[in-house]
Visitor: 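Take a look at this one; I'll ask things after.
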Amino acid sequence: MADAPVSKVPPTQLKRYTALDEVFKVKYGQSPAFYARAPGRVNLIGEHIDYCGYAVLPMAIEQDIVIACCPTDDNVIQLSNVNPDFQDFQCTTTDYNIDKSNPQWFHYFLCGFKGILEHMETSNSKGMQMMLDGIVPKSSGLSSSSAFVCCAALATMYANGHSLTKLELADVCMRCERYIGTQGGGMDQSISFLAQAGTAKLIEFNPIKATDVQLPDGAVFVVSNSRVEMQKAATSHFNIRVVECRLSCQIIAKSKGLDWMNIKKLGDLQTALGVSLEGMLTIVKDVLHEKPYTKEEICQILNSTEDDLNQNSLSQNTIQVQSFKLYQRATHVFGEANRVQKFKSICDGARNTEGADVKLGQLMNDSHISCRDMYECSCTDLDRLVDLCRQSGALGSRLTGAGWGGCAVSMVPSNKVTDFINNVTAKYYCNESVATVNESLFATAPGSGAAIYI
């Protein structure tokens with residue numbers, strides 16, 4: 001796998017980068033030495049299953065995070081943002097702290113910075129003067145935070161003269177975002193580095209592998225932002241779901257006589273049992289009950305003390321949780337993993353035959369229903385937006401990203417995109433400015449991955 005590409009700024013982006021150069025010179029008195037760029041992403045299908053070991057199907061989007069950077073010979077990190085809402089940050093390369101309890105924007109930079117230094121097994125780093133320009137809407141489900149971590153890692157690597165492949169960078173960033181408390185699975189970081197223009201990717205894990213997926217010619221994917229924000233690192237919803245998946249996995253593993261303490265991902269459980277995804281859904285129905293499990297009940301089933309459960313199964317920010325919906329979470333994961341396989345199979349086979357787009361749309365609709373009802377990661381506004389998208393002509397529409405707000409992604413016939421956007425604008429964004437609508441509702445094609453521009 002090749003290194004992240006190093007090239008000149010694309011001609012179509014010269015205006016934006018020239019403006020960033022000017023802001024940088026005003027701040028630091030010189031031009032940047034290079035730019036690091038990492039895109040956001042939209043996940044077409046496969047929600048909340050990457051951290052369970054299952055493949056997902058995202059594509060990169062045009063919206064990205066860019067860091068203009070000039071290495072220095074001192075050990076000072078200076079980070080500014082073109083958006084004045086974000087205050088300047090400064091620290092040294094050896095004295096900094098990532099606060100999980102109160103994550104700030106610059107902590108995401110520090111995650112990527114720390115991840116690179118630890119991977120290179122060094123504490124030495126150049127100082128860096130930096131200016132960030134981000135156009136991925138924050139807390140929208142389009143992976144702005146992960147794109148920032150990836151961009152920070154890429155900038156740190158290049159500023160210090162290191163060289164890592166795109167796979168290595170994806171793996172480093174997958175792990176280092178956990179410094180801020182997010183227990184994700186690696187989809188966001190993998191697609192940010194491994195994306196290629198013109199194709200979506202099936203991303204598999206352990207080890208990371210990316211496979212091209214050609215999308216139907218007659219359909220366009222449209223992103224719509226509910227404008228309800230949810231920060232993964234600042235809330236417990238996301239990490240509770242991770243723990244619920246782990247607990248359901250361990251209870252099923254114990255019921256099947258497996259070494260349950262060492263099987264923590266539902267994907268690993270399926271491999272150990274050697275059954276199909278449909279078979280796993282049957283096992284879930286046989287082993288788990290639908291009513292929520294209490295912490296005490298789980299301890300009894302696993303023959304574990306509460307302290308041992310806290311240590312072996314829960315995370316620091318979930319040890320106070322007392323109720324867990326295990327049946328629902330496992331049902332979603334195995335069902336969603338099955339939908340990803342079917343989606344890719346249709347795209348690989350008869351993606352442009354009559355009826356293929358309808359089948360893909362139905363898989364997206366089924367995915368949203370499962371996210372809403374079984375994983376409970378949607379919200380009222382997002383459900384309303386998805387319904388409006390379907391009523392406006394989408395073949396399929398679903399939440400994308402962590403959920404609890406953020407964006408929907410819809411598959412729309414290419415000859416109906418203009419009518420679709422006009423209808424959704426009138427029904428959902430009628431009180432918003434033109435600028436807000438343009439930022440919140442847009443058609444997108446598969447974009448390219450992270451890069452260095454010089």
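When a residue number appears, it is its place in the shown sequence, counting from 1.
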Visitor: If I take atom CG from residue Leu314 and atom CG from residue Asn239, how far apart are they, to the nearest 0.5 angstrom?
Guide: 11.0 Å
Visitor: Could you tell me whether the side chain of Ile208 reaches within less than 4.5 Å of the side chain of Leu194, counting heavy atoms only?
Guide: yes
Visitor: Establish, for the pair Lys325 and Tyr293, whether the NZ or CZ atom is under 6.0 angstrom from the six-membered ring centre and no further than 45 degrees off its axis.
Guide: no
Visitor: For residues Gln250 and Ser313, is any side-chain donor paired with an opposing acceptor at under 3.5 Å?
Guide: yes
Visitor: Is Arg16 paired with Asp64 through a side-chain N to carboxylate O contact shorter than 4.0 Å?
Guide: yes
Visitor: Which heavy-atom pair separates Leu142 from Val136 by the least distance, and what is that distance?
Guide: O-CG1, 3.7 Å
Visitor: Test Asn365 against Arg398 for side-chain hydrogen bond (donor to acceptor under 3.5 Å, both in side chains), laying out the working first.
Guide: CA-CA 6 Å; Asn365 291 337; Arg398 58 179 293 277; over 6 Å; no
Visitor: To the nearest 0.5 Å, tell me how far Ser323 OG sits from Ile240 CD1.
Guide: 9.5 Å
Visitor: Around atom CD of Glu296, are there more than 12 heavy atoms of other residues, nucleotides or ligands at under 6.0 Å?
Guide: no
Visitor: Could you check Gln104 against Asn102 for side-chain hydrogen bond (donor to acceptor under 3.5 Å, both in side chains), going step by step and ending with a plain yes or no?
Guide: CA-CA 6 Å; Gln104 302 296 313; Asn102 184 31; 3.2 Å; yes
Visitor: Should the pair Arg339-Asp366 be classified as a salt bridge under the 4.0 Å nitrogen-to-oxygen rule?
Guide: no
Visitor: Sorted by first residue and then second, give each salt bridge (Lys or Arg N to Asp or Glu O under 4.0 Å) pair with at least one member in residues 249-271; sequence neighbours left out.
Guide: none
Visitor: So do Leu288 and Ile251 actually touch side chain to side chain, heavy atoms under 4.5 Å?
Guide: yes
Visitor: Where does the angle between the aromatic ring planes of Tyr54 and Phe334 fall among parallel (under 30°), tilted (30 to 60°) and perpendicular (over 60°)?
Guide: perpendicular
Visitor: Under a 3.5 Å distance rule, please check whether Thr436 uses its side chain to pair with a backbone N or O of Glu432 as donor and acceptor.
Guide: no
Visitor: Nearest 0.5 Å, please: how far is OG in Ser192 from CE in Met187?
Guide: 11.5 Å
Visitor: Can you find a side-chain donor-acceptor pair between Gln391 and Asp387 that sits under 3.5 Å?
Guide: no
Visitor: Short question: side chain of Ser345, backbone of Lys342 - any donor-acceptor pair under 3.5 Å?
Guide: no
Visitor: Any idea which heavy atoms bring Cys173 and Cys150 closest together, and the distance?
Guide: SG-CA, 3.8 Å
Visitor: We want to know whether Ser367 and Glu336 form a side-chain donor-acceptor pair, criterion being a heavy-atom distance below 3.5 angstrom.
Guide: yes
Visitor: Between Glu168 and Thr165 (side chain of the first, backbone of the second, donor and acceptor by atom type, cut-off under 3.5 Å), is there such a pair?
Guide: yes
Visitor: Is there a side-chain contact between Thr331 and Tyr375, using heavy atoms and a 4.5 Å cut-off?
Guide: no
Visitor: Evaluate side-chain hydrogen bond (donor to acceptor under 3.5 Å, both in side chains) for His289 paired with Glu297, printing each intermediate quantity in order.
Guide: CA-CA 12 Å; His289 57 66; Glu297 181 183 7; 2.8 Å; yes
Visitor: Just wondering, do Lys138 and Trp105 contact through their side chains at under 4.5 Å, heavy atoms?
Guide: no
Visitor: Is the CD atom of Glu62 crowded by more than 12 outside heavy atoms at less than 6.0 Å?
Guide: no
Visitor: Can you name the nearest heavy-atom pair linking Leu277 to Ala337, along with the distance?
Guide: CD1-C, 3.8 Å
Visitor: Please check if the side chain of Lys295 supplies one atom and the backbone of Ile319 the other of a donor-acceptor pair under 3.5 Å.
Guide: yes
Visitor: Quick one, Leu309 and Leu247 - any side-chain contact, counting heavy atoms below 4.5 Å?
Guide: yes
Visitor: Please find the pair of heavy atoms, one from Leu399 and one from Cys371, that lie closest to each other, and give the distance.
Guide: CD2-CB, 3.7 Å
Visitor: To the nearest 0.5 Å, tell me how far Ile180 CD1 sits from Cys111 SG.
Guide: 4.5 Å
Visitor: Any heavy-atom pair between the side chains of Asn81 and Met131 that's under 4.5 Å?
Guide: no
Visitor: Under a plain distance cut-off of 3.5 Å, with no hydrogens placed, do Glu177 and Gln189 share a side-chain donor-acceptor pair?
Guide: yes
Visitor: Using only heavy-atom distances, determine whether the side chains of Thr305 and Asp308 contain a donor-acceptor pair under 3.5 Å.
Guide: yes
Visitor: Ignoring hydrogens and geometry, is there a side-chain-to-backbone donor-acceptor pair from Asn438 to Leu441 under 3.5 Å?
Guide: no
Visitor: For atom CD of Gln87, decide whether the heavy atoms of other residues, nucleotides or ligands shown that lie under 6.0 angstrom number more than 12.
Guide: no
Visitor: Between Glu439 and Arg227, does at least one N-O distance fall below 4.0 Å, as a salt bridge requires?
Guide: yes
Visitor: Side chains of Ser315 and Thr318: do they bring a donor and an acceptor to under 3.5 Å?
Guide: yes
Visitor: Go through the steps to decide whether Phe106 and Phe89 satisfy the test ring-ring contact (aromatic ring centres under 6.0 Å, His included), and finish with yes or no.
Guide: CA-CA 7 Å; Phe106 51 82; Phe89 172 74; 4.1 Å; yes
Visitor: Do Thr271 side-chain atoms and Gly267 backbone N/O form a donor-acceptor pair below 3.5 Å?
Guide: yes
Visitor: More than 12 foreign heavy atoms under 6.0 Å from NZ of Lys209: is that the case here?
Guide: no
Visitor: Where does the angle between the aromatic ring planes of Phe109 and Phe113 fall among parallel (under 30°), tilted (30 to 60°) and perpendicular (over 60°)?
Guide: parallel
Visitor: Is there a side-chain contact between Asp50 and Ile203 (heavy atoms, below 4.5 Å)?
Guide: no
Visitor: Is there a side-chain contact between Glu244 and Gln328 (heavy atoms, below 4.5 Å)?
Guide: no
Visitor: Before accepting this row, confirm whether a basic side-chain N of the pair Glu118/Arg175 lies closer than 4.0 Å to the acidic partner's carboxylate O.
Guide: no
Visitor: Are the side chain of Thr199 and the backbone of Asp212 linked by a donor-acceptor contact shorter than 3.5 Å?
Guide: no
Visitor: Under the ring-ring contact (aromatic ring centres under 6.0 Å, His included) rule, what do His48 and Phe238 come out as? Steps first, then yes or no, please.
Guide: CA-CA 9 Å; His48 286 283; Phe238 184 91; 5.6 Å; yes
Visitor: Between Ala408 and Val386, what is the shortest heavy-atom contact and its length?
Guide: CB-CG2, 3.9 Å
Visitor: If every non-hydrogen atom of Gln270 is compared with every non-hydrogen atom of Ser276, which pair is closest and at what distance?
Guide: NE2-C, 3.5 Å
Visitor: For Gln320, does the CD atom sit with more than 12 other heavy atoms under 6.0 Å from it, leaving out its own atoms?
Guide: no
Visitor: For Ser226, does its backbone N or O pair with a side-chain atom of Tyr428 as donor and acceptor, under 3.5 Å?
Guide: yes
Visitor: Under 3.5 Å, is there a donor on one side chain and an acceptor on the other for His368 and Asp383?
Guide: yes
Visitor: If you measure from SG on Cys52 to CZ on Arg329, what distance do you get to the nearest 0.5 Å?
Guide: 11.5 Å
Visitor: May I ask you to check whether Gln311 and Asp307 show a side-chain donor-acceptor distance below 3.5 Å?
Guide: no
Visitor: Could you check Ser448 against Gln196 for side-chain hydrogen bond (donor to acceptor under 3.5 Å, both in side chains), going step by step and ending with a plain yes or no?
Guide: CA-CA 4 Å; Ser448 57; Gln196 291 177 290; over 6 Å; no
Visitor: Can you list every pair that meets side-chain hydrogen bond (donor to acceptor under 3.5 Å, both in side chains) and has a residue in residues 404-424, with sequence neighbours left out?
Guide: Ser397-Ser410
Visitor: Could you measure the distance from the CZ atom of Phe324 to the OG atom of Ser248? Nearest 0.5 Å is fine.
Guide: 11.5 Å
